[in-house]
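Before any comments, here is the structure.
Every heavy atom of this structure was used, including side-chain atoms; hydrogens, water molecules and symmetry mates were not.
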Amino acid sequence: MDCEVSGYSKQVRLECQVFFKRCDKELLKVNNFYSEKLTEANRRLASFGLIALDGSGQGQGGDGCVTANSKAYKHTQRKKTELRKLKMAVGELYLGLVFLQSYQELNYTGFYKITKKYDAKFACEHGLQWRTEKLDASFLYTERTRCGQMMFRLETFMLQLEGGNKQKALRRLQVPPRGTEQTAGQWITFRIGVTCGLVIALLTLIAFKVWNEPHLEHLKALLQLYRGSFLLIEFLFLMGLSMCCWGKSGINHVLIFELDPRQHLSHLHILEVAGCLAVCWCASVLASLHSSLLSVPQQLHPLFFHSLLLLLLLNPTPTYHSRSRRWLLTVMWKVLTAALRPVGFAECWLADQLNSLSPLILSLWEMLCFYTIQISWKDLQAGSFLYSESLDWEKQSKVVPCLIQCFPPWLRFTQCLRCFWDSGHTMHLLNAGKYSTVFLMVTFAGLYNIARERAALAVEVNAYLYLWAVATCLSVLVTVSWDLRMDWGLLQGNGLLKEELLYSREVYYYAAMLADVLLRISWAINILLAQMKDSAAASTASAVLAPLEVLRRSMWNLFRLENEHLKNCEQCRAVRDFEFPSRTVNVPEQFLQEKLMDQDELDNSQHNSSTSHHKPTCLLFRYLRPAVEETNLPIQSPKMEPAPCP
């Protein structure tokens with residue numbers, strides 16, 4: 001009996017040693033990560049003292065006059081840009097410190113409760129001893145106030161940057177509360193429901209009108225003019241669904257696109273925009289079908305609707321998501337000038353979307369040709385119909401559609417070359433070669449159609465047909481392989497999938513792989529059909545395949561951002577990184593140092609006078625999840641005090 005008890009005690013001691021060795025190992029990892037992030041935050045905080053502000057953007061000049069010198073104006077604009085970028089960097093660092101503070105509190109609470117449960121289960125004090133000797137003496141606990149101190153420094157610095165305006169400083173640093181978002185989400189959901197009901201009703205009326213139309217060929221011209229806007233609405237709707245899937249799967253698209261984590265559009269906002277545009281689209285189509293009742297020429301309704309879309313995009317007033325529209329226009333400008341500046345993920349992503357939206361660009365070109373060449377504005381009368389001007393595609397050049405098909409791949413081609421120039425990685429050259437296969441496919445498709453139209457020799461026509469077929473097969477093979485292996489991160493191990501999957505079921509990945517292959521083939525066929533404007537069957541098939549390509553691109557977005565999110569997890573990225581030039585700062589550093597010294601003395605006095613046990617708040621630190629929608633992290637830092645204007 002004594003031997004059995006002795007053996008049991010020995011086993012308990014062995015398990016105790018294994019348990020606390022595991023605790024030591026996990027504590028070491030947590031300490032290393034916490035120390036690394038604190039060091040990185042200190043380095044970034046120190047880098048803010050190397051940036052020239054010249055009076056925080058205040059005007060210079062002793063006499064107070066404003067010079068008209070273009071050089072001085074550019075200098076002022078550059079300083080304003082640097083100041084705005086500095087404010088963004090301070091906000092990102094502050095948000096990272098909020099995450100890091102929650103990380104420290106969560107892990108300390110976890111170790112504390114685990115060891116306490118151990119003592120309660122085995123009726124011993126080994127857990128208390130480990131907490132006293134290891135946990136309370138670790139870097140995780142001894143440096144627990146560092147985040148709060150650095151957050152106070154950033155608050156003081158942001159208050160100076162905002163000229164003493166406390167409200168502006170709080171808006172740039174504060175994480176919005178979750179309750180406000182839930183209230184706003186309820187109203188947005190109500191508006192989405194209303195727009196969905198209107199869209200269903202309007203589509204029913206359109207279907208009833210089309211069903212009773214005796215001559216369906218009269219609607220083909222109307223379909224061609226409204227096709228591009230339909231693809232845009234479809235893309236926005238699928239984009240909203242994709243953002244919803246990213247949020248449920250924990251994919252931080254806010255960090256990936258480098259959006260403002262405190263103010264950005266959610267998936268409900270995107271769905272609301274898509275619903276409103278869908279209502280306007282259905283109303284415009286319905287008005288075109290009943291143009292005789294409205295005493296408005298049928299030719300003007302598509303023009304009015306697309307003018308509305310352009311007005312909403314270029315609206316300079318701060319209405320209808322002005323920040324997001326400016327962000328989109330800025331990224332679009334960077335896409336068009338990719339060879340002149342470094343390329344980010346958002347620019348590459350938007351250029352990829354344009355590759356799938358090339359039928360939209362082609363539809364805009366067709367509309368431009370129709371309203372500038374084919375339509376007779378002098379003879380335009382109320383009650384006239386669109387088919388009276390029958391869209392004559394023979395008048396259009398066959399070269400322009402080929403150029404339009406090559407324009408989006410050319411943008412990505414230049415981006416890949418720019419990335420290779422900046423990084424030197426040969427992978428970007430391979431990616432550029434992938435997009436060059438589209439040039440070959442479009443070129444041979446166009447030559448085949450031209451040779452067929454001018455009744456060339458059968459040998460020449462067959463040669464172009466075979467070249468087009470080879471180029472299409474090559475393009476499909478290369479693009480599918482790149483999608484699955486490089487963009488989605490699949491097919492890299494022994495199996496078809498990767499080790500870590502963020503979506504709930506594996507069947508989603510297999511279905512997406514099969515759908516990507518099939519839709520890639522249909523997209524390649526659509527390139528050929530886009531050139532065959534003389535064929536009614538080709539026009540109908542192109543109208544069907546274009547929405548399928550938008551669907552494929554939305555599916556591609558789901559797995560592309562999953563792969564990018566996993567890369568951010570490997571790099572432990574929680575916020576954006578900002579790079580600044582090394583210059584001399586011109587801010588009242590003496591005042592800042594005095595404020596910091598006062599705060600350090602206050603913290604020390606509070607620490608010495610406090611006798612209560614440290615009970616950290618149980619906050620969930622998910623440093624790679626969306627900062628606003630997926631977390632509820634209050635700012636636990638000293639209150640900001642007004643500072644004099646610098």
Over 12 non-hydrogen atoms of neighbours within 6.0 angstrom of CH2 in W327: yes

Is it the case that the side chain of [X] and the backbone of [Y] share a donor-acceptor pair, with hydrogens and angles ignored and the cut-off at 3.5 Å?
X	Y	answer
H565	N252	yes
S363	P359	no
R552	D516	no

Working for side-chain contact (heavy atoms from CB on, under 4.5 Å), residues F235 and L231: CA-CA 6 Å; F235 174 78; L231 295 178; over 6 Å; no

Do [X] and [Y] sit within salt-bridge range, that is, some charged N less than 4.0 Å from a carboxylate O?
X	Y	answer
R341	E347	no
R560	D352	no
E570	K567	no

Can you name the closest pair of heavy atoms from F420 and H425 and give their distance?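 Closest approach of F420 to H425: CD1-O, 3.1 Å.
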
Minimum heavy-atom separation for L502 and I251, please, with both atom names.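 Looking at all heavy atoms of both residues, the closest pair is CD1-CG1, 3.8 Å.
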
Could you check whether Q415 and Y435, counting side-chain N and O atoms only, form a donor-acceptor pair closer than 3.5 Å? no

Tell me yes or no: between the side chains of W246 and N557, is some donor less than 3.5 Å from an acceptor? no

Can you tell me how far the CZ atom of R412 sits from the CZ atom of F407, to the nearest 0.5 Å?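 Interatomic distance, R412 CZ to F407 CZ, rounded to 0.5 Å: 13.5 Å.
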
Proximity of F559 and Y503 rings by center, below 6.0 Å: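 Judged by ring-centre distance (under 6.0 Å), F559 and Y503 do meet the cut-off.
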
Take L497 and Y510, measure what side-chain contact (heavy atoms from CB on, under 4.5 Å) needs, and give me the verdict at the end. CA-CA 8 Å; L497 304 183; Y510 293 113; 3.8 Å; yes

